[in-house]
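Chain identifiers are assigned alphabetically (A, B, ...) following the order of the sequence lines, protein sequences preceding nucleic acid strands; residue numbering begins at 1 within each chain. Computed from a predicted structure; not experimentally measured.
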Amino acid sequence: MSFYVQTQIMQFAQALPLECGASLASYELAYETYGQLNESKSNAVLICHALNASHHVAGQYRGQNNSEGWWSNMIGPGKPVDTNRFFVIGVNNLGSCFGSTGPVHINPATQKPYGADFPVVTVEDWVDAQERLVTRLGIEKLLAVMGGSLGGMQVLAWSMRYPKRVRHAIVIASAPNLTAENIAFNEVARRAIVTDPDFHGGHYYEHGVVPKRGLRIARMIGHITYLSDDVMNTRFGRQLRRVAGNLESDSLAEQNYLYSTQEVEFQIESYLRHQGDKFAEYFDANTYLLITRALDYFDPAKAFEGRLSQAMACIEAKFLVISFTTDWRFSPSRSQELVKALLDNHRQVSYVNIDAPHGHDAFLLEDPQYLSVVRSYFKHL
Amino acid sequence: MSQKRIEILGELIPLGSRVLDLGCGDGAFLEYLQNNRQCFGYGIELNDANVASCFERGVNVLQLNLEEGLKLFEDQSFDVVLQIDTLQHLKNAETMLKETARVGKMGVITFPNFAHWPNRLSVLKGRMPVTKHLPFEWYDTPNIRVATFNDFQDLAEKNKLHVSKAFGLVGERTIAVWANLLASTAVFTLTSTSLT
């Protein structure tokens with residue numbers, strides 16, 4: 001069931017102080033809403049997006065085919081988060097490239113695009129910006145804040161920074177911070193971008209180029225980590241590209257290797273290149289750097305000498321934590337750290353570990369058990 | 001579990017307790033404890049359908065595998081830890097009994113009593129019992145630990161667990177004497193000796 005939506009922009013004239021010490025003098029946030037806010041303003045659900053997503057969570061744009069929101073299987077009329085009952089808000093984060101103030105926008109101080117001069121924003125900064133939007137929409141208390149991966153970190157930050165304003169926190173495929181391995185993947189992606197000759201220290205807009213090579217590689221490595229070994233083998237295995245394209249004619253001749261180091265030989269290579277190419281067409285390189293850094297920096301336990309339970313003592317929200325058995329980028333044990341900290345604080349928490357083959361990507365996919373868990377949870381709200 | 005059984009077992013749980021229900025099933029008992037005995041708690045349950053049912057009852061549920069122990073839970077962090085008809089499904093039944101005593105100030109354990117007289121009769125006839133309470137054949141039963149009322153008392157003693165109450169249930173009646181023979185379900189409440 002599709003429905004049409006429109007992006008809205010909210011302007012903020014009051015400066016936003018950032019964790020890095022700088023502040024954004026003024027900024028705007030792109031957002032969308034679905035469903036109706038009830039009279040008591042008690043049915044609002046905020047969706048926080050992950051690395052490469054946006055405020056366009058559900059529905060589609062009139063006159064644009066294939067413009068469904070990134071979480072359309074989860075959110076909409078009759079969906080697990082049912083917009084016939086709930087007022088759902090999607091908001092684009094600062095530093096992004098989908099409408100909210102970010103590196104591609106004009107820096108009022110220089111009258112040129114921010115580029116690499118856009119301040120380093122953190123998960124907490126995003127949440128502070130979102131809080132102003134929610135307040136402006138007239139919502140004192142959110143029924144739920146929900147997000148996967150980096151979105152889940154925002155949910156966690158919401159519940160700690162604004163404990164009185166969140167009734168339910170739904171944290172999916174997330175973690176209380178990144179592991180060294182996770183930071184390492186981000187660093188490889190960033191090095192790919194900044195060492196691209198077209199990067200120009202982040203001011204590539206002025207040069208009329210985009211560091212696409214770097215972006216492609218960043219996306220390729222990211223994509224590998226979002227899938228599981230099993231799902232990659234099932235989908236691609238050792239299939240050669242020529243054979244995969246034409247199953248009818250898999251004659252012996254066509255199964256021979258090309259014996260080339262440069263050409264696309266295996267189907268997985270073709271798939272990754274395609275993903276990289278697609279991504280480099282629409283995503284901004286500076287945004288990629290900023291968002292991966294926000295991931296790296298997030299660590300609410302840091303101020304408590306690593307003691308997560310202490311950091312989370314201020315939480316009042318009721319939690320639903322969801323992980324996926326084959327997710328190795330944000331593994332179930334990381335979700336269980338959150339559960340433990342909530343248990344230590346005698347907070348209300350439910351935890352579901354979904355048996356899904358798809359790795360980290362599972363949180364965006366159509367898994368019946370996953371969707372039904374969210375549906376039953378929201379049914380009770 | 002019948003409503004009457006829920007009430008009988010509910011009586012064992014002190015008002016306002018913090019409860020951890022190991023193998024909480026559809027969450028009916030926890031829901032009862034929340035609504036009728038002012039308890040606060042969490043269930044642990046592996047089965048997907050049961051997890052969904054807990055959500056719909058508004059019961060906190062954690063989808064964890066009990067065979068992996070209770071490592072998320074601190075020592076003596078719950079007033080009561082429940083094992084209602086759970087023990088017989090666990091490979092590591094003894095470990096979980098120790099874990100129950102570690103995490104809970106009190107434990108409540110129930111399981112089907114294999115020494116209930118109809119079961120004895122069945123074995124005397126040369127057949128494994130298939131009854132209302134043990135409705136499975138030997139080759140497909142999820143009850144991988146079959147024990148008797150008396151067996152459990154020995155295990156509790158071996159682990160230096162203090163049995164504070166021990167009785168049986170048959171249907172909706174409690175059995176105080178000769179429970180090993182007359183009860184289809186064994187019920188024990190435990191407190192670790194370190195506390196007594």
Side-chain angles (χ1 to χ4, degrees), chain A residues 80-81 144 167-173 176 307-310 312-313 315-325 327 331-356 367-381, chain B residues 16-31 33-35 38-82 99-100 102-105:
Chain A
V81 182
R167 285 181 59 197
H168 293 266
I170 295 131
V171 176
I172 304 168
R307 287 192 282 268
L308 186 62
S309 295
Q310 279 188 24
M312 289 171 67
I315 285 175
E316 294 183 21
K318 188 171 173 176
F319 268 69
L320 170 62
V321 179
I322 301 177
S323 63
F324 298 91
T325 50
D327 184 352
S331 70
S333 67
R334 303 306 322 273
S335 285
Q336 288 169 21
E337 287 176 41
L338 295 174
V339 173
K340 176 161 189 351
L342 290 160
L343 288 170
D344 287 347
N345 285 300
H346 298 195
R347 294 298 179 269
Q348 304 236 41
V349 53
S350 285
Y351 167 65
V352 181
N353 191 20
I354 306 282
D355 189 4
D367 181 288
Q369 174 56 15
Y370 167 44
L371 295 181
S372 103
V373 158
V374 176
R375 187 183 290 278
S376 352
Y377 192 85
F378 272 86
K379 211 196 273 183
H380 186 76
L381 299 195
Chain B
S17 294
R18 227 173 98 74
V19 179
L20 180 64
D21 187 351
L22 308 182
C24 67
D26 63 7
F29 190 47
L30 260 182
E31 185 187 30
L33 295 178
Q34 282 173 197
N35 295 340
Q38 297 86 51
C39 291
F40 173 86
Y42 311 87
I44 297 186
E45 178 59 46
L46 203 51
N47 178 278
D48 290 338
N50 281 338
V51 167
S53 167
C54 288
F55 284 159
E56 282 165 29
R57 292 174 188 274
V59 165
N60 294 320
V61 62
L62 308 171
Q63 193 170 39
L64 297 167
N65 187 348
L66 290 175
E67 300 290 3
E68 288 162 18
L70 296 177
K71 58 182 187 295
L72 295 185
F73 303 89
E74 297 290 334
D75 295 357
Q76 301 292 292
S77 55
F78 283 84
D79 298 316
V80 182
V81 176
L82 303 172
E99 283 284 87
T100 297
R102 176 183 69 79
V103 171
K105 294 168 189 160

Can you tell me which portion of A:Asp355 sits under 4.5 Å from chain B's heavy atoms? Options are side chain, backbone, both or neither. neither
To the nearest 0.5 Å, tell me how far B:Leu72 CG sits from A:Lys340 NZ. 7.0 Å
Largest heavy-atom contact set with chain B, pairs under 4.5 Å, which of A:Glu337, A:Gln369, A:Arg375, A:Lys318: A:Gln369
Which of A:Leu320, A:Leu343, A:Val352 touches chain B most, by non-hydrogen pairs under 4.5 Å: A:Leu343
Minimum heavy-atom separation for B:Glu56 to A:Ser376, with atom names? OE2-CB, 3.4 Å
Any chance the side chains of B:Gln63 and A:Asn353 put a donor and an acceptor closer than 3.5 Å? no
Engaged part of A:Val373 at the chain B interface, taking heavy atoms whose separation is under 4.5 Å: both
Closest non-hydrogen atom pair, A:Asp344 against B:Glu74: OD1-CG, 3.6 Å
Using heavy-atom distances under 4.5 Å, tell me whether B:Arg57 contacts chain A through its side chain, its backbone, both, or neither. backbone
Check each atom of B:Val51 against the heavy atoms of chain A and say whether the ones under 4.5 Å are side chain, backbone, both or neither. side chain
Please name the pair of heavy atoms, one in B:Val59 and one in A:Ser350, separated by the smallest distance, quoted to 0.1 Å. O-OG, 4.0 Å
A:Gln336, part contacting chain B, at a heavy-atom distance under 4.5 Å: both
Please check if atom CZ in B:Arg18 has more than 12 non-hydrogen atoms from other residues, nucleotides or ligands closer than 6.0 Å. yes
Turns out that what part of B:Leu46 lies under 4.5 Å from chain A's heavy atoms comes down to neither
Heavy-atom cut-off 4.5 Å, strictly under: side chain, backbone, both or neither for A:Leu381 against chain B? neither
Verdict with reasoning, A:Val339 to B:Leu64, per side chain to side chain contact (heavy atoms under 4.5 Å, CB included): CA-CA 11 Å; A:Val339 173; B:Leu64 297 167; 5.8 Å; no
Atom pair NE2/CZ of A:His346 and B:Phe78 - distance to nearest 0.5 Å: 7.0 Å
